[in-house]
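Note that these values count all heavy atoms, side chains included, but never hydrogens, waters or copies made by symmetry. Remember, it's a predicted structure, so these values are computed and weren't measured experimentally.
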Amino acid sequence: LLARLLTDLDPYLGRRGDGSGMELLSWYHRQFWEASEEHCFSSQSGHTGETVARRKRCRELVDYYSGRWAGVPKPYTRWLSAIVQRPNFFP
């Protein structure tokens, strides 16, 4: 699945490396990451000008990388279950 996604997105991705064999993938054009940022983080403004969605995503990443979800069942809503189980989720 990931290989197919990367193949489809390859013309739009830039690849950078530091010589260690690791690659960093990023959007090739600024408009792509601006559009994705708008899509993922557009929400009501928070107290410091950050969006509520951005702060929520940051908290989720902190929880994930701090190990909070290790060995704990993940929240899996009915809505998400219906989306993932759709036969044409990936057309």
Enquirer: Of all residues at least two apart in sequence or in a different chain, which pass the side chain to side chain contact (heavy atoms under 4.5 Å, CB included) check with L6?
Expert: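 Checked L6 against side chain to side chain contact (heavy atoms under 4.5 Å, CB included); matches are L2, L13, L25.
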Enquirer: Could I get the full list of ring-ring contact (aromatic ring centres under 6.0 Å, His included) partners for F32, not counting sequence neighbours?
Expert: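 With neighbours one apart ignored, the set is Y12, W27.
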Enquirer: Restricting to side chain to side chain contact (heavy atoms under 4.5 Å, CB included), what partner residues turn up for D63, sequence neighbours left out?
Expert: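 Partners of D63 by the side chain to side chain contact (heavy atoms under 4.5 Å, CB included) criterion, ordered by chain and then number, come out as R68, W69.
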Enquirer: Sequence neighbours excluded, which residues qualify as side chain to side chain contact (heavy atoms under 4.5 Å, CB included) partners of Y64?
Expert: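 Y64 satisfies side chain to side chain contact (heavy atoms under 4.5 Å, CB included) with no residue once adjacent residues are dropped.
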Enquirer: Could you tell me which residues satisfy ring-ring contact (aromatic ring centres under 6.0 Å, His included) with Y65, sequence neighbours excluded, listed by chain and number?
Expert: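 For Y65 there are no ring-ring contact (aromatic ring centres under 6.0 Å, His included) partners, ignoring immediate neighbours.
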Enquirer: Taking side chain to side chain contact (heavy atoms under 4.5 Å, CB included) as the definition, give me every residue that meets it alongside S26, ordered by chain and number, with sequence neighbours left out.
Expert: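 If we apply the side chain to side chain contact (heavy atoms under 4.5 Å, CB included) test to S26, skipping adjacent residues, the hits are R16.
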